[in-house]
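Bear in mind that the values here come from a model prediction, so they are computed numbers and not experimental data.
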2 protein chains.
Amino acid sequence: MAEQSALSDSEVEVWRAFYSMRRTLDRALDLQLQRDSQVSASEYEILLAINLAPGRQLRVKDIAGTIGWEKSRVSHLIARMEKRDLLTRTECETDARGSWIGLTADGRRAVLGATRGHVAAIRRYFFDVLGDDEAERLKGMAARVVEAIGCAADEDVPARDALAETASAEKPE
Amino acid sequence: MAEQSALSDSEVEVWRAFYSMRRTLDRALDLQLQRDSQVSASEYEILLAINLAPGRQLRVKDIAGTIGWEKSRVSHLIARMEKRDLLTRTECETDARGSWIGLTADGRRAVLGATRGHVAAIRRYFFDVLGDDEAERLKGMAARVVEAIGCAADEDVPARDALAETASAEKPE
């Protein structure tokens with residue numbers, strides 16, 4: 001049982017390649033945005049989430065949920081973007097759940113201006129490289145991973161026990 | 001030309017699925033580490049990078065380079081991990097390039113203890129779901145994306161001009 005959970009050499013290669021793709025793609029998309037539109041990929045994600053929201057405003061908590069980051073990291077970045085006059089904050093007197101974050105005119109111009117170049121970079125670095133068939137195949141793989149993790153979360157307690165058992169099978173040096 | 005750079009509906013679906021896989025996988029691996037080993041995925045990455053380094057120590061700058069984060073984010077997390085007695089800092093008198101970060105005994109126990117459960121989670125959520133053939137195919141896709149971005153970086157100036165041209169082809173509203 002102990003040996004079964006170790007990754008084989010070829011699995012390590014796959015995992016490293018997958019991580020290298022993610023990191024290289026993230027960095028290339030970030031560089032393109034910073035260079036051509038003067039926003040980072042993180043800032044762009046926040047601008048886009050707000051621009052796509054109903055009424056073009058979101059609470060900090062919802063932005064964190066939408067882009068999948070910790071709330072403290074999002075708060076910090078939003079404060080910097082307010083100083084750069086990309087975002088506005090509106091306090092809501094009748095609601096204690098915090099303020100609304102919206103786009104300034106500059107923020108809206110930034111997200112609209114950045115989108116075209118960003119999409120061109122996604123096409124260039126990803127879709128042109130993979131081609132239609134491989135892209136469809138990747139979509140299938142992604143859907144299966146997401147579904148499997150959802151199922152694992154549903155049966156969380158047994159999964160936890162199984163992992164704890166495997167972990168205790170070998171003591172650290 | 002302007003229309004050509006927009007993503008089709010099916011491309012948007014692929015891109016969303018790819019992002020959803022990344023996010024779901026990151027979250028599941030982070031949860032498993034926090035639950036079973038009391039370290040976050042970010043902390044685990046730092047512990048692992050140091051544990052794999054020659055002499056088991058690294059500078060903050062090198063840790064940032066290895067795991068692909070901004071130096072400020074790495075510095076912040078390292079300070080928290082020093083407080084938790086997972087990392088040590090050694091100033092080097094003959095070298096102005098900053099201090100060395102190493103593992104405490106607790107830090108070394110943490111990374112060794114966490115690895116077994118983490119690897120089991122990677123197997124469960126990724127390799128068991130994809131199977132050998134799909135995993136190999138994903139490795140091939142990843143290698144092509146990484147290579148294409150490397151080539152694009154080499155011819156950076158024309159790439160920049162082409163993107164700038166596409167971006168200016170449509171004004172924001």
>> Ring of B/W100, cation from B/R59 - is the NZ or CZ under 6.0 Å from the centre and inside 45° of the axis?
In response: yes

>> For A/Y19, does the six-membered ring have the charged nitrogen or CZ of A/R22 within the cation-pi criterion, i.e. under 6.0 angstrom from the centroid and within 45° of the normal?
In response: yes

> Taking C-beta and beyond as the side chain, do B/Y125 and B/V129 meet within less than 4.5 Å on heavy atoms?
Replying inline: no

> B/T104 side chain to B/L86 main-chain N or O, any donor-acceptor pair under 3.5 Å?
Replying inline: yes

Any idea which of [options] has the most non-hydrogen atom pairs under 4.5 angstrom with chain A?
options	result
B/E11, B/R144, B/R73, B/E147	B/E11
B/I122, B/D132, B/L138	B/I122
B/R137, B/E13, B/E136	B/R137

Atom group of [X] that falls short of 4.5 Å from chain B, counting heavy atoms:
X	answer
A/R16	neither
A/R23	side chain
A/L31	neither
A/F18	both

Of the listed residues ([options]), which shares the most heavy-atom pairs with chain B below a 4.5 Å separation?
options	answer
A/A28, A/A135, A/S10, A/A114	A/A135
A/S20, A/G140, A/A143, A/G131	A/S20
A/I67, A/T115, A/D128, A/V111	A/I67

> So with a 6.0 Å cut-off around CG of B/D133, is the heavy-atom count from everything else above 12?
Replying inline: no

> Has B/D26 got more than 12 heavy atoms of other residues, nucleotides or ligands less than 6.0 Å from its CG?
Replying inline: yes

> Do the ring planes of B/Y44 and B/H118 sit parallel (below 30°), tilted (30 to 60°) or perpendicular (above 60°)?
Replying inline: tilted

